[in-house]
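Start at 1 and go down the list; that is how both ligands and their atoms are numbered.
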Amino acid sequence: MKPSTRPVEELDLFVNANQQFEHALTWIDSIKAGIVEYLITAKRTIHVRFPVNMDDGTIRTFHGFRVLHNRARGPGKGGIRYHPDVTEAEVSALAAIMTWKTAVADIPFGGGKGGVSCNPKELSRGELRRITRRFVAELGDSIGPYTDIPAPDVYTDQQTMAWIYDTFDQMHPGQNNLAVVTGKPLEIGGSVGRDEATAQGSLFATERLLKHDIVPGVVTLDGIRVAVQGFGNAGATAARLFDEAGARIVAVSDSRGGIRSDNGLDPGAVLAHKNDTGSVTGFAGATDISNEQLLACDCDILIPAALECQIRTENAADIKARLIVECANGPVTAAADKILQQNGVFVLPDIVANCGGVVVSYFEWVQNLENQKWDLEKVQRRLRKRMVRAVDHTVEQWNSLNTRSHGAPAGRESVASLRDAALVMAIKRIATVVQQRDIWP
Ligand code: NAD
């Protein structure tokens, strides 16, 4: 067989996030020399190696790091993940995505991300507690309410955030330290609405985008067919909220596979089935499908809510949805972006679609600093307002890029995507602040 001449696509979040950033830059006519170089590289990466007493009496050394990508607009903000495959490149890409996301959401934060290389599935609660406390002690004053504020991410949760807060509080007695971390349990300064914030924000953002009437044939969620990849915090909640908003959930999946029913799935019943059996597959009345079949299924809106680089060169042309709402971070590769655009598929990018999570984290931070407790109605009202504004500004920027693009210079596509627009907006917002603050000294 003749070997393929097509270049192998790199399914790497860092590579794709950089390509998408560079693609957006082609839409910026002028930017002060040196600012791009400043924005593309992380401000600081801290590596720590620390010993932990294990339950079996041995001592194990763990490797953790925290990347502060940019803090021009405010303290760093971003999750901490515990995973055996955590790498500096992946965490750096996620930290940069946080910088763009907080700028798009227009909240006074920069971007950060952290991780510890470990396998939480093989660690006891006591071991996880000791890892967390020692990691926070090693990070010292590089995190703090006004410097860099962690949050939950893959395999870290409210309990991890409670340990982070408590450790930091022990190290800084006599002051209110609640705002050092978000995603805490409600009883110690967590915010109502945080658990659902990402999916809730995606719903608000999608409803607003449809009001702009730019996705042909999809102007309301009523009766719209939605497929969701990933049935965890973001995906299962999105399925429920989109269903409640009038959409029909025709397919969902998790790491073991997917299910499909053209009559519509009841997300609550699917979640109960997953809780009982460990997977959405085998759900009564639905047909089992593969994850590839889920991505390519006949639907109007596709919500990837699992992992990065899921929609790529090899499957982008199979997508039948007219709109992709990126609940996950980086689910579409840079090469797939082009194919989708050529095929008229709109993508509401991650930095807009899933910024509801960090918006409610910001609300938690504000409540902690002001010793306040907001109710759910207030959190949701303010979240909706932020999401509507983020979408409106993105669409405004998109319209402006595309109006201006007649006779586009070489090296630029003829039509800007919503991702280009959101990134251009974020880059410009950060560049403005950098120039207003001016470079110290
Ligand atoms: P989670 O761990 O709760 O859920 C992930 C889901 O994806 C699980 O159901 C898992 O079974 C499924 N999955 C794993 N591999 C899969 C595969 N190959 N095919 C299909 N499904 C697969 O995680 P989460 O918090 O829901 O996060 C999901 C995505 O959303 C991530 O990209 C995350 O960065 C992003 N995100 C989450 C939040 C949040 O607040 N939870 C905020 C912003 C972005």
Side-chain angles (χ1 to χ4, degrees), residues 11 13 16-17 77-83 85-86 90-91 93-95 97-98 100-102 104-105 111 113 115 120-121 150-158 160-161 182-183 190-191 193-202 205 227-241 251-259 267 270-271 273-275 277-281 288-297 302-312 315 325-332 348-364 383 387:
L11 299 179
L13 184 65
N16 281 285
K77 186 85 195 83
I80 288 185
R81 61 176 51 183
Y82 289 174
H83 197 277
D85 301 335
V86 160
E90 181 190 58
V91 172
L94 290 163
I97 289 173
M98 287 306 296
W100 321 137
K101 204 181 288 187
T102 52
V104 165
K113 207 83 178 187
K121 290 184 181 167
D153 197 77
V154 175
Y155 292 134
T156 55
D157 55 15
Q158 290 191 353
T160 326
M161 302 306 114
T182 59
S191 177
R194 175 62 188 89
D195 280 352
E196 298 195 343
T198 302
Q200 183 73 66
S202 300
V228 184
Q229 185 202 36
F231 211 67
N233 178 312
T237 313
R240 177 170 61 76
L241 294 176
V252 299
S253 70
D254 59 29
S255 56
R256 296 204 208 156
I259 50 172
V270 176
L271 186 59
H273 172 77
K274 182 177 164 81
N275 289 340
T277 65
S279 172
V280 298
T281 55
D288 279 355
I289 56 174
S290 67
N291 254 299
E292 279 306 313
Q293 286 172 315
L294 177 126
L295 294 174
C297 81
L302 172 63
I303 305 181
L307 305 169
E308 59 266 12
C309 301
Q310 292 298 293
I311 300 166
R312 42 192 188 244
N315 62 8
V325 176
E326 292 187 332
C327 243
N329 286 314
V332 177
L348 187 61
D350 48 7
I351 58 174
V352 183
N354 72 34
C355 74
V358 73
V359 168
V360 177
S361 273
Y362 163 59
F363 295 163
E364 180 175 332
L383 173 61
M387 297 307 300

Atom 34 (O) of ligand 1 - nearest protein heavy atom and its distance
Asn329 ND2, 3.0 Å
Only counting residues at least two apart or in another chain, list the ones meeting salt bridge (Lys or Arg N to Asp or Glu O under 4.0 Å) with Glu90.
Arg81
Starting from atom 24 (P) of ligand 1, locate the nearest protein heavy atom and write down its residue, its atom name and how far away it is, to 0.1 Å.
Ala234 N, 4.0 Å
Test ring-ring contact (aromatic ring centres under 6.0 Å, His included) applied to Tyr82 - qualifying residues, sequence neighbours left out:
none
Shortest protein heavy-atom distance from atom 25 (O) of ligand 1, along with the residue and atom involved
Asn233 CB, 3.7 Å
Given the protein's heavy atoms, is any one of them under 4.0 Å from atom 7 (O) of ligand 1?
yes
Location of contacts on Gln229 toward ligand 1, heavy atoms closer than 4.0 Å:
side chain
Report yes if Gly232 has an N/O atom closer than 3.5 Å to an N/O atom of ligand 1; otherwise report no.
yes
If I apply the N/O under 3.5 Å rule, does Gly357 come out as touching ligand 1?
no
Option whose closest heavy atom lies nearest to atom 31 (C) of ligand 1, chosen from Gly356, Gly330, Pro304, Ala306
Ala306
Below 3.5 Å, N or O to N or O, backbone or side chain included: is there any such pair between Ser255 and ligand 1?
yes
Indicate yes or no for a side-chain donor-acceptor contact from Asp350 to the backbone of Gly330 under 3.5 Å, with no hydrogens or angles considered.
yes
Heavy-atom proximity to atom 36 (N) of ligand 1 ranks first, among Cys327, Gly78, Gly201, for Cys327
Can you find an N or O of Gly235 that's nearer than 3.5 Å to an N or O of ligand 1?
no
Nearest option to atom 38 (C) of ligand 1, as decided by whichever heavy atom of Asn291, Thr198, Ile97, Val154 sits closest:
Thr198
If you have a sec, work out which protein heavy atom is nearest atom 21 (N) of ligand 1 and how many Å separate them, to one decimal?
Asp254 C, 3.2 Å
the protein heavy atom lying closest to atom 15 (N) of ligand 1 turns out to be Leu307 CD1, 3.4 Å
Would atom 3 (O) of ligand 1 count as contacted, meaning some protein heavy atom under 4.0 Å?
yes
Using atom types as modelled and distance alone, determine if a side-chain donor or acceptor of Thr156 lies under 3.5 Å from a backbone N or O of Pro152.
no
Ser290 side chain to Gln293 main-chain N or O, any donor-acceptor pair under 3.5 Å?
yes
Given side chains that start at C-beta, do those of Met387 and Cys355 come closer than 4.5 Å, heavy atoms only?
yes
Backbone N/O of Val280 and side chain of Asp254: donor-acceptor pair under 3.5 Å:
yes
Would you say Asn354's side chain and Ala199's backbone share a donor-acceptor pair under 3.5 angstrom?
no
Has ligand 1 got any nitrogen or oxygen that is less than 3.5 angstrom from a nitrogen or oxygen of Asn354?
no
If you measure from each non-hydrogen atom of Ala236 to ligand 1, which part falls under 4.0 Å: side chain, backbone, both or neither?
neither
Does the Arg312 side chain pair with the main chain of Cys309, one donor and one acceptor, at a distance under 3.5 Å?
yes
What part of Arg194 sits under 4.0 Å from ligand 1 if we count only heavy atoms: the side chain, the backbone, both or neither?
side chain
Can you pull out the closest protein heavy atom to atom 28 (C) of ligand 1? Residue, atom name and distance to 0.1 Å, please.
Ala305 O, 3.4 Å
Ligand 1 atoms nearer than 4.0 angstrom to some heavy atom of Ser253 are 20 (C)
shortest atom 9 (O) of ligand 1-to-protein heavy-atom contact is with Phe231 N, 3.0 Å
Taking Gln229 for its side chain and Pro304 for its backbone only, find out whether a donor-acceptor pair lies under 3.5 Å.
no
Atom pair SG/CD of Cys297 and Glu292 - distance to nearest 0.5 Å
12.0 Å
Has Asp195 got a side-chain atom pairing as donor or acceptor with Asn233's backbone, closer than 3.5 angstrom?
no
Between Ile289, Thr281, Val228, which is the residue that forms a side-chain contact (heavy atoms from CB on, under 4.5 Å) with Val252?
Val228
